[in-house]
There are 2 protein chains.
Amino acid sequence: MLFLHKSKVQINPMAKSSITINDIARELKVAPSTVSRALNNSRKISEATKKKIVEKAEELGYNLNMVASSLSRKTTNTIGVVIPVINNHFYNEVVNGIEEIASNRGYRILISQTKESFHKEEEIMRTMSATRVDGVIACLSRETKTTGHLIKLEKSNIPLVLFDRVNYDFQCRKVIIDNFSVMEQSVSHLARSGYKNIAHLGGPTSCNVYSEHARAFSETLKKENLPLHPQYHLASDITEEDISEAMKIWFSLKVKPDAIISVNSNAALLVSKLAKELHLAIPENLAIVSLTSEPALQYVEPQITSVELPGTDIGRTSMKFLLEEIRYRNRKFDTTIKPFQLIIRNSSFHNH
Amino acid sequence: MLFLHKSKVQINPMAKSSITINDIARELKVAPSTVSRALNNSRKISEATKKKIVEKAEELGYNLNMVASSLSRKTTNTIGVVIPVINNHFYNEVVNGIEEIASNRGYRILISQTKESFHKEEEIMRTMSATRVDGVIACLSRETKTTGHLIKLEKSNIPLVLFDRVNYDFQCRKVIIDNFSVMEQSVSHLARSGYKNIAHLGGPTSCNVYSEHARAFSETLKKENLPLHPQYHLASDITEEDISEAMKIWFSLKVKPDAIISVNSNAALLVSKLAKELHLAIPENLAIVSLTSEPALQYVEPQITSVELPGTDIGRTSMKFLLEEIRYRNRKFDTTIKPFQLIIRNSSFHNH
DNA sequence: TTCATCAATGCAAGCGATTGCACATATAAA
DNA sequence: TTTATATGTGCAATCGCTTGCATTGATGAA
């Protein structure tokens, strides 16, 4: 292919201003408003004029300036998506769900990651508000304890839907999982399979998800008449170091755990690896259950039992709720609880 | 917990219009231009006035309207990121690299996925152009063969940097991997380890990355004096079905492959799983090499040899290049080749 | 023929910032 | 004291599009 002609480099430091509706209007000797209406397919414009205008727009290579349009319309057709991190299976699925609905309805999405920093989350909310997104869907950072930044968002009249990690003190629509039940089912499953000394590698309890896990862990152990060793009930930031250290400590105790419930799949994979290094047979000596899923869990040996969360569904639902608020401004504060599934694989099931 | 007080619902269908610089100006009896300058910390405004204005802005809960600002300034401080899919380790890393540099320099990023559809890619480019992003960083879809949409983008004076999957016919800055070398090193490694019948599970050759793999595969086999069985040289869309089918066919042949080079890590993981189901010992009966990496490769047994691509680095570099073009409008058309690393793990190395 | 009605288009005022230029003080230099 | 030079603000146009209202000419009803 030859680009000799087209590749004429434009050296001007300033962008050559592009074609506007005024250019079209001038060429056709009509009013800019007519051009605007025609391009928006208003039915107040005759078909003949529309055709003429559309053709001329095509000819001149006109491209709508959304910035101007947004300013005038007071709506950007953009929705902000705030997630802790982007490289995570669950959030990827949620984003996919959001995007699916959004793009169907003509909305763009602006993704930002908090990297689990409250400070960054605050800043992101300010930016979302400044860019005048039409709405925000967010999953709070682990550090987030207060809601001042959410209240500000609300004050700027930007609808907000929270998912997964939420703050119950803040009034808005929420799409969540029954985290208590997630843990309850996990513990019960392990109990039924004959495991007695169950450890919990949990997240920081400042976050609702993890505090609910923690509560369910204690309560269910009691219900199942299983011992709750305080040192088996860990809440940490779940870094690789945290996990290694926990494993080291646990397996140097007199009574060692025979099952570990891990807050997420990354941690579970690491636990599985470390367990193998300790020559522990899975699931005979040690069971592993992960409270979130990702494909890799099915590729390791043995496959790891995990809780499947409906990420895409959560995304879709959140987006639909948000659209309702955007369109009809009917603020609702109800919380939707999505179903999950405990998928039992070989890491936690054997005949004692 | 009680929500009674906070739940005062605002029923108004219309967003209460927010505070503008004019409101601040009126209250303080100064000109809007003064407010604008003060908030932008212009040094033409006295410190006293600035203080007054900033305080009033704070008091009224003022929040800059970026839309208006963008229209006036003719720049959005937003850069568009176009990737095939979001749920992919490599692209996640690239996005992280981009975001790191971008947020340091005060840029937001707008992420869109093509889902490997050329049609969607075209549409995304139109949107990017309409929203007047200051620049675009893109990795082309597998289907993309033509560059009309890129030329249009260029015509709207939006700088573009391509990474990984590029089109050599299109003039712009590119950040890529030496795909030929990736394959060459993989084949040579397998040859050195004593494998003879190497199969290639490749991607569609319409895409430069995969066609380079394919060429390197043939050439390196020849160089290493190894047989090239045409049926071992596969180019497909790499769906799960494609892979299953390929495996079925290959292992029903008279001469079965003793090594498989898989175009990406998902495929490699699946191959590894299927191989186990066929009771093939890895790496004794079958070696596996993946041409991209993800953490899961280190969790499976045996760990899978793979090519580590510098995703974050690619992202950072692309963003830096883009910023140069945005800032100085110095169009350069050079291609940067980033180093990769073949990490040899247990799936491809044993003592024959 | 006259008046109401309607369809098609134009006029002009926004939207909320930014910015070149003019203008008023104040200060310094002559 | 007069003139040059800063310094700090205000004026008004502008960015490109949207939209309420006015206008025009044509059509149909009275």
Side-chain angles (χ1 to χ4, degrees), chain A residues 14-54 56-57 60-77 127 129-134 156-157, chain B residues 14-54 56-57 60-78 129-134 156-157:
Chain A
M14 283 308 295
K16 185 172 45 186
S17 65
S18 44
I19 309 295
T20 74
I21 55 169
N22 299 302
D23 299 325
I24 299 177
R26 197 177 331 105
E27 293 240 343
L28 256 30
K29 300 194 197 313
V30 296
S33 50
T34 304
V35 176
S36 172
R37 290 194 179 98
L39 294 176
N40 282 302
N41 202 16
S42 152
R43 50 176 141 152
K44 313 205 74 177
I45 302 294
S46 73
E47 288 307 320
T49 321
K50 268 187 203 169
K51 183 152 175 286
K52 208 171 58 176
I53 289 175
V54 169
K56 181 58 85 176
L60 298 180
Y62 170 79
N63 193 319
L64 170 67
N65 184 333
M66 293 269 199
V67 179
S69 177
S70 293
L71 178 59
S72 179
R73 286 203 157 116
K74 287 167 164 285
T75 164
T76 54
N77 272 37
T127 304
S129 164
T131 50
R132 299 295 193 264
V133 293
D134 292 346
S156 342
N157 236 285
Chain B
M14 282 308 294
K16 190 171 40 189
S17 66
S18 45
I19 309 297
T20 73
I21 54 170
N22 299 302
D23 299 326
I24 300 177
R26 197 178 332 105
E27 292 240 344
L28 254 32
K29 300 194 197 312
V30 295
S33 50
T34 303
V35 176
S36 172
R37 290 194 180 99
L39 294 175
N40 283 302
N41 203 15
S42 151
R43 51 178 140 148
K44 312 206 75 178
I45 302 294
S46 73
E47 289 306 320
T49 318
K50 268 187 203 169
K51 183 154 175 288
K52 209 172 54 178
I53 289 176
V54 168
K56 181 58 85 178
L60 298 180
Y62 170 78
N63 194 319
L64 170 66
N65 185 331
M66 292 270 198
V67 179
S69 178
S70 293
L71 177 61
S72 181
R73 284 204 158 116
K74 287 168 165 284
T75 163
T76 53
N77 272 38
T78 302
S129 164
T131 51
R132 299 296 194 264
V133 293
D134 292 347
S156 346
N157 236 286

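Any value given below was found using the heavy atoms of this structure, including those in side chains, with hydrogens, waters and symmetry copies removed. Numbers restart at 1 for each chain; the letters A, B, ... are given by sequence-line order, proteins then strands.
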Quick one: is D:dT7 close enough that its OP1 or OP2 comes under 4.0 Å of any side-chain N or O from B:S46?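 No, because none of the side-chain N or O atoms of B:S46 sits under 4.0 Å from OP1 or OP2 of D:dT7.
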Integer-rounded Å distance: [N] [atom2] and [X] [atom1]:
X: B:N22; N: C:dC15; atom1: CG; atom2: C1'; value: 10 Å
X: A:R132; N: C:dG16; atom1: CZ; atom2: P; value: 8 Å
X: A:K52; N: C:dT9; atom1: NZ; atom2: C1'; value: 11 Å
X: A:R43; N: C:dC6; atom1: CZ; atom2: P; value: 14 Å
X: B:K51; N: D:dG8; atom1: NZ; atom2: P; value: 17 Å
X: A:M66; N: D:dT18; atom1: CE; atom2: C1'; value: 14 Å
X: B:L28; N: D:dG8; atom1: CG; atom2: P; value: 17 Å
X: A:I24; N: C:dG10; atom1: CD1; atom2: P; value: 14 Å

Residues which pass side-chain hydrogen bond (donor to acceptor under 3.5 Å, both in side chains) with A:T49, listed by chain and number, not counting sequence neighbours: A:S46
May I have all residue pairs that pass salt bridge (Lys or Arg N to Asp or Glu O under 4.0 Å) and include part of residues 34-48 of chain B, sequence neighbours excluded? B:E47-B:K50
Which comes earlier along DNA chain D counting from the 5' end, the contact point of B:L71 or that of B:E47, where each point is its nearest nucleotide?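 Of the two residues, B:E47 wins.
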Starting at the 5' end of DNA chain C, which residue's closest nucleotide do you reach first, A:K50 or B:I21? A:K50
For [X], answer base if it contacts any base atom (sugar-phosphate contacts may also be present), sugar-phosphate if it contacts only those atoms, and nothing otherwise; contact means non-hydrogen atoms under 4.0 Å.
X: A:S70; answer: nothing
X: B:K29; answer: sugar-phosphate
X: A:V30; answer: sugar-phosphate

Side chains of A:N63 and B:R132 in contact at under 4.5 Å (non-hydrogen atoms): yes
Side chains of B:T131 and B:T78, heavy atoms from C-beta outward: is any pair under 4.5 Å? no
Taking it one step at a time, do A:S69 and A:L64 satisfy side chain to side chain contact (heavy atoms under 4.5 Å, CB included)? CA-CA 8 Å; A:S69 177; A:L64 170 67; 4.2 Å; yes
Close N/O contacts between protein and nucleotides 19-24 of chain C (under 3.5 Å):
{"unit_1": "C:dG20", "atom_1": "O6", "unit_2": "B:R37", "atom_2": "NH2", "d": "2.6"}

Among the candidates C:dA17, D:dT18, C:dT9, find the nucleotide nearest to the side-chain atoms of A:S69.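 When the side chain of A:S69 is considered, D:dT18 is the closest of C:dA17, D:dT18, C:dT9.
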Where the side chain of B:K74 is defined as all heavy atoms beyond and including C-beta, which of C:dT9, C:dA17, D:dG16 is the nearest nucleotide? D:dG16
Tell me the closest heavy-atom pair linking A:I45 and A:A38, and the distance in Å. CG1-N, 4.0 Å
Can you give me the closest heavy-atom contact between B:Y62 and B:I19, atom names plus distance? CD1-O, 3.4 Å
Salt bridge (Lys or Arg N to Asp or Glu O under 4.0 Å) partners of A:K51, counting only residues at least two apart: A:E55
Using salt bridge (Lys or Arg N to Asp or Glu O under 4.0 Å) as the criterion, list what pairs up with B:D134, not counting sequence neighbours. none
Sort out for me which residue in B:V54, B:L60, B:I53 forms a side chain to side chain contact (heavy atoms under 4.5 Å, CB included) with B:K56. B:L60
Measure the angle between the two terminal helix axes of the helix from C:dT1-D:dA30 to C:dA30-D:dT1, five base pairs each, and quote it to 10°.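 The value is 50°.
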